[in-house]
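A short write-up of the structure that comes next.
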Amino acid sequence: MIDHISLPVTDIERAKAFYDAVLSTVGYRRMMDFGQQAGYGDGHPHFWIGVPPEGEDASAAGVHIAFRANDRESVDAFHAAALAHGGRDNGAPGLRPRYHPHYYAGFVFDPDGNRIEAVCHLPA
């Protein structure tokens with residue numbers, strides 16, 4: 001159900017050092033590193049840390065939760081349903097190749113402003 005969770009941080013290098021040490025004690029390692037974002041896991045990076053976009057306060061950025069979808073049509077349906085039921089667009093469904101070639105996701109703010117996403121990792 002949950003594909004990944006992201007926490008905002010203010011100092012990425014300090015956060016990487018902290019999570020490298022802490023998560024290694026329970027069998028997780030840094031699997032991906034995009035400079036200002038890093039993903040941890042044991043086969044798939046389910047836990048992410050990252051500096052919010054410029055101008056966005058880390059304390060206001062909040063937690064980000066991504067739900068795994070079985071196909072791209074489900075991502076499209078998730079996004080449409082969210083908008084139809086009081087959500088706000090935070091990124092239309094589409095490929096996000098900066099993550100990997102098949103990363104297809106749609107992003108929304110729920111009615112309370114929480115950042116949620118549906119993602120499919122499979123090719124079309």
Side-chain angles (χ1 to χ4, degrees):
M1 178 177 180
I2 303 296
D3 185 77
H4 62 273
I5 296 174
S6 301
L7 298 181
V9 299
T10 56
D11 182 331
I12 192 66
E13 295 307 322
R14 179 182 66 198
K16 287 178 192 176
F18 176 83
Y19 284 109
D20 285 355
V22 171
L23 294 179
S24 69
T25 67
V26 290
Y28 300 111
R29 63 181 175 82
R30 188 183 331 164
M31 299 184 65
M32 299 181 88
D33 193 326
F34 294 109
Q36 294 298 301
Q37 298 176 332
Y40 293 82
D42 64 351
H44 175 83
H46 292 286
F47 176 73
W48 287 84
I49 56 171
V51 175
E54 189 170 330
E56 189 175 323
D57 180 12
S59 63
V63 174
H64 162 85
I65 298 176
F67 298 96
R68 184 166 292 186
N70 292 325
D71 52 47
R72 294 177 182 193
E73 292 77 17
S74 296
V75 172
D76 296 344
F78 170 95
H79 190 266
L83 297 182
H85 290 87
R88 291 180 293 123
D89 180 51
N90 191 29
L95 286 171
R96 303 305 196 279
R98 78 175 233 152
Y99 302 129
H100 68 72
H102 303 297
Y103 196 105
Y104 187 90
F107 301 84
V108 296
F109 294 105
D110 76 4
D112 292 307
N114 297 301
R115 298 177 306 125
I116 61 173
E117 165 192 356
V119 58
C120 176
H121 296 282
L122 305 173

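Side-chain atoms are counted along with the backbone in the values below, which use heavy atoms only and exclude waters and symmetry mates. Each residue takes its place number in the sequence, starting with 1.
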Treating Ile, Leu, Val, Met, Phe, Trp and Tyr as nodes and any side-chain heavy-atom pair under 4.5 angstrom as an edge, say whether [X] and [Y] lie in one connected cluster.
X     : Y      : answer
Ile49 : Val26  : yes
Met31 : Leu23  : no
Ile2  : Met32  : no
Ile5  : Val119 : no

Using a 3.5 Å cut-off and no angle test, enumerate the donor-acceptor pairs between side-chain atoms of residues 73-81 and protein atoms at least two apart in sequence or in another chain.
{"residue": "Ser74", "atom": "OG", "partner": "Asp71", "partner atom": "OD1", "Å": "2.8"}
{"residue": "Asp76", "atom": "OD1", "partner": "Tyr104", "partner atom": "OH", "Å": "2.7"}
{"residue": "His79", "atom": "NE2", "partner": "Asp89", "partner atom": "OD1", "Å": "2.7"}

Stepwise side chain to side chain contact (heavy atoms under 4.5 Å, CB included) test for Val9 and Val51: CA-CA 5 Å; Val9 299; Val51 175; 4.2 Å; yes

Residue list, side-chain contact (heavy atoms from CB on, under 4.5 Å) with Asp11, at least two apart or on another chain: Glu13, Arg14

Partner set under side-chain contact (heavy atoms from CB on, under 4.5 Å) for Phe109, not counting sequence neighbours: Arg88, Asn90, Arg115

Side chains of [X] and [Y] in contact at under 4.5 Å (non-hydrogen atoms):
X      : Y      : result
Tyr103 : Leu95  : no
Val63  : Leu7   : yes
Ile65  : Asn114 : no

Contact summary for Gly35 and Ile12, nearest pair of heavy atoms: O-CG1, 3.6 Å

Value rounded to 0.5 Å, distance of [atom1] in [X] from [atom2] in [Y]:
X      : Y     : atom1 : atom2 : answer
Ser24  : Tyr19 : OG    : OH    : 13.5 Å
Phe107 : Arg96 : CZ    : CZ    : 5.0 Å
Arg98  : Gln37 : CZ    : CD    : 5.0 Å

Let me have the donor-acceptor pairs involving side chains of residues 38-48, under 3.5 Å, with sequence neighbours excluded, atom names and distances please.
{"residue": "Tyr40", "atom": "OH", "partner": "Lys16", "partner atom": "O", "Å": "3.3"}
{"residue": "Tyr40", "atom": "OH", "partner": "Asp20", "partner atom": "OD1", "Å": "2.8"}
{"residue": "His44", "atom": "NE2", "partner": "Arg68", "partner atom": "NH2", "Å": "3.3"}
{"residue": "His46", "atom": "ND1", "partner": "Asp3", "partner atom": "O", "Å": "2.8"}
{"residue": "Trp48", "atom": "NE1", "partner": "Pro45", "partner atom": "O", "Å": "2.9"}

Results of side chain to side chain donor-acceptor pair (under 3.5 Å) for His100 - residues two or more places apart only: His121

Side chain Arg29, main chain Gly27, donor-acceptor under 3.5 Å: no

Fellow cluster residues of Leu122, listed by chain then number, with links counted only when side-chain atoms sit under 4.5 Å apart: none

